Amino acid sequence: MTQWEPVIGLEVHVQLATTSKIFSGASTAFGAEPNSQACPVDLGLPGALPVLNQAAVRMAVKFGLAIGAEVHQFSIFDRKNYFYPDLPKGYQISQFLNPVVGTGSLEVHTEDGNVRTVGITRAHLEEDAGKSVHDAFPGLTGIDFNRTGTPLLEIVSEPDLRSPEEASAYFRQLHSLVRYLKICDGNLAEASMRCDANVSVRPAGSITLGERTEIKNINSFRFVEKAIRYEIARQIDVLESGGTVQRDTRLYDAERDETRPMRTKEFSDDYRYFPDPDLLPLVIDDAFIESVRAELPELPDARRARYGDALNLSDYDARWLTNDPDIADYFEAVYEVCGDPKLAANWVMGELSRNLNRDELGIHDAPVTADQLGILIRRIGDGTLSNNIAKTIFQTLWKGEGLGPSGVDEIIATQGLTQMSDSAELEGIVAAIVADHPDQATQFRAGKDKLLGFFVGQVMQATEGKANPKQVNELLKKRLDRA
C-alpha cells in the first residue's frame, strides 16, 4: 500500500429542505404513497412548464457563502440527456458550465488530529430522478416517481482526499455544515444525503492521475470508508497483476463488502448537455446575496472557537459537542441552567450520550430535558448531590419519573437523596470504619496508598452512597494518619 497513493474526490448530493420541488409545486414530504407526489411538471407531460423554486436558490447561495465560495450572479440550467426507467422526461435538469456556486473549500479534521483543506470545485442545483423498486412485485421492477423533481445541491470536491478516513471525515463535516445551515435534514436513511466516490491510485510520488472509477449512491459514513478502502485495494491488485483499471461506474455491496461494476463510465459529452429552453437564466443581484448572508448562523468552526475561548473547553470537547448542531444546542441549554460548562460537557458527552446510544435515540427524543439535566448538575455543584446519586436520579428521569425541571428536586426530597455533608456525622462513621479494619489501616500507614479506595468504598456503602466524596477522602486521610 505504501507504494501507491490513493486519490479521492466526492460528489455529494444534498436534498434541499424545501416543502415543494425545484420546478413544481408538488410536495417533497418523505414516505407518501408511491406516485402520489408526482405532478405533470415532474413527469414532463406535454404543455407542463418548469418554474424555479426561489427557496432552493437561497439555500444554494447560503451554502456557497458558508464555504467562502464564489457565488455566480449569472447561471443557467441545462438538460442532461440519458435514458433510465426512473427518468420520465429522458433528461435531467441540472447545471453544467455555469453553476450557481463556484470554487470554495472546506477544512477537514480527521480523528488522528490532521487537517486537510479540500477544494470544492462547484455546487450546482439539479432535480432528482425517481426510484426503482425491485421488491414490490415478484420478478418485476416498479418505478416510484415521488422523488422526481426533488431539489438537490450537488457538491463536487477536488481530488484532494488521500485516504478512506479523510473521505469519511469530509462527508461527516459536510453533513454537519448543511444541518447548521438548515438547508438539509441530513437524514441518511431517507437518502437526504448520499455521495458518489471517485477513486484512483497512482505510484507514490507521481503527479499523474490514474484511471478512476465511480462508486455510486453511498449513504452511510461507515460505508463511504469501507467502499473506498475496498476499491483502493482492488485497483492496486489489478495494477500489480499487470492489468489496467477500467473506467466504470460501480455499486457497493455492504453485505459482501465489495464493489461491483454497473456500467462503463460516461463522459460529459455522452450526456449531450444543452441549455434548457424552458428556463430563463438565473440572475442573482447583490441585494439577494446580502439578504442570504444576513441569515447565516454561527458556523461550526466559530462555535468550536467560542467553546474554547469563552467556556475554556478542550479542543476535543469543543469538536465533539459542535459536530451535531442539535447536540450543541442541548449542551448550551444545559450550561445556561447549571452555569458550569465543563460539568455540562462531561454529562452530555458521557451519561446522556451513553443512554442515547443504548436506546438508539436522537437528541430530540431524549427523555431527560436540558432543563432537568441542568438542575441535576447544579445540585452536584452546590453540594446537594454526589456524582453517583446524581447518576441514579438521571436514570429515574430517563425512565419518565419526575415531571418538569422541578422533578429533580422532587426526587431528591421524596427519596431522601441529599448528600451527607455534616462533618460531625461523617467523622463518626469514618472513625468506626477505620476501627473495624485495623489490618488495612496498618497496611495503609505502611505505604499501601491504594487502600484509601477501600476505605472510601466502605464509607460510601455505610451511607448508601450519600456521603460527600471529597469530605470522606479528607476525613479518612486525617484519621488514617494518626498513630
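Values in this document were obtained by computation on a predicted structure and should not be read as measured data.
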Original post:
Can you tell me if CZ on Phe137 sees more than 12 non-hydrogen neighbours from other groups inside 6.0 Å?
Top reply: no
Original post:
Below 4.0 angstrom, N of the basic side chain to O of the carboxylate: do Glu126 and Lys80 qualify?
Top reply: no
**OP:** Check Ile218, Ile215, Asn217 against Asp196 for a side-chain contact (heavy atoms from CB on, under 4.5 Å) and give me the one that passes.
**Re:** Asn217
Original post:
Which residues satisfy the side-chain contact (heavy atoms from CB on, under 4.5 Å) test with Val71, sequence neighbours excluded?
Top reply: Val61, Leu65, Ile289
Subject >> Expected output: side-chain Gln37 to main-chain Ser27 donor-acceptor under 3.5 Å >> reply: yes
Subject >> Residues Gln246 and Thr244: side-chain donor-acceptor under 3.5 angstrom >> reply: yes
Original post:
With a cut-off of 6.0 Å (strictly less than), are more than 12 heavy atoms of other residues, nucleotides or ligands near OH of Tyr316?
Top reply: no
Subject >> Note: Asp371-Arg378 ion pair, threshold 4.0 Å (strictly below) >> reply: no
Subject >> Straight-line distance of Leu49 CG to Leu45 CG, nearest 0.5 Å >> reply: 11.5 Å
**OP:** Determine whether Leu152 and Glu154 make a side-chain contact, defined as any pair of heavy atoms from C-beta on separated by less than 4.5 Å.
**Re:** no
Original post:
Which residue pairs pass the salt bridge (charged side-chain N to carboxylate O under 4.0 Å, His left out) test with at least one member in residues 128-145, sequence neighbours excluded?
Top reply: Asp128-Arg147, Asp128-Arg194
Original post:
If you measure only the distance, is there a donor-acceptor pair under 3.5 Å linking the side chains of His364 and Asp326?
Top reply: yes
Original post:
Please walk me through it: do Asp286 and Gln73 pass side-chain hydrogen bond (donor to acceptor under 3.5 Å, both in side chains)?
Top reply: CA-CA 8 Å; Asp286 291 338; Gln73 294 187 264; 3.0 Å; yes
Original post:
Looking at side-chain heavy atoms only, is the closest gap between Glu158 and Ser105 below 4.5 Å?
Top reply: no
Original post:
Between Phe77 and Phe23, is the ring centre distance below 6.0 Å?
Top reply: yes
Original post:
Side chains of Trp4 and Gln235: do they bring a donor and an acceptor to under 3.5 Å?
Top reply: no
Subject >> Min side-chain heavy-atom separation Arg250-Val199 under 4.5 Å >> reply: no
Original post:
Any chance the side chains of Asp185 and Asn187 put a donor and an acceptor closer than 3.5 Å?
Top reply: no
Original post:
Can you list every salt bridge (charged side-chain N to carboxylate O under 4.0 Å, His left out) pair that touches residues 83-109, not counting sequence neighbours?
Top reply: Lys89-Glu127
Subject >> Note: Arg116-Asp160 ion pair, threshold 4.0 Å (strictly below) >> reply: no
Original post:
So, Glu165 and Arg229, do they make that salt bridge, N to O below 4.0 Å?
Top reply: yes
Original post:
Aromatic rings Tyr335 and Phe331: how do their planes relate, parallel, tilted or perpendicular, breaks at 30° and 60°?
Top reply: parallel
Original post:
Between the side chains of Gln395 and Asn355, is a donor N or O closer than 3.5 angstrom to an acceptor N or O?
Top reply: yes
Subject >> Short N-O contact, Arg234 and Asp237, less than 4.0 angstrom >> reply: no
Original post:
So, Arg354 versus Asn357: side-chain donor-acceptor pair below 3.5 Å or not?
Top reply: no
Original post:
Do the non-hydrogen side-chain atoms of Leu352 and Trp398 ever get within less than 4.5 Å of each other?
Top reply: yes
Original post:
Under a 4.5 Å cut-off applied to non-hydrogen side-chain atoms, are Ser200 and Thr213 in contact?
Top reply: no
Subject >> With Thr259, the side chain to side chain donor-acceptor pair (under 3.5 Å) member among Lys216, Lys226, Glu231 >> reply: Glu231
**OP:** Identify whether the distance between the nearest side-chain nitrogen and carboxylate oxygen of Arg222 and Glu225 falls below 4.0 Å.
**Re:** no
Original post:
CG of Leu279 to CZ of Arg79: how many Å apart, nearest 0.5 Å?
Top reply: 8.5 Å
**OP:** May I ask you to test the Val292-Phe63 pair for a side-chain heavy-atom distance under 4.5 Å?
**Re:** no
Original post:
Are side-chain heavy atoms of Tyr307 and Asp317 found at a separation under 4.5 Å?
Top reply: no
Original post:
Hey, are Glu111 and Arg172 close enough for a salt bridge, meaning a charged N less than 4.0 Å from a carboxylate O?
Top reply: no
Original post:
Looking at side-chain heavy atoms only, is the closest gap between Asp78 and Leu97 below 4.5 Å?
Top reply: no
Subject >> Check: Tyr252/Asp257 side-chain N/O donor and acceptor closer than 3.5 Å >> reply: yes
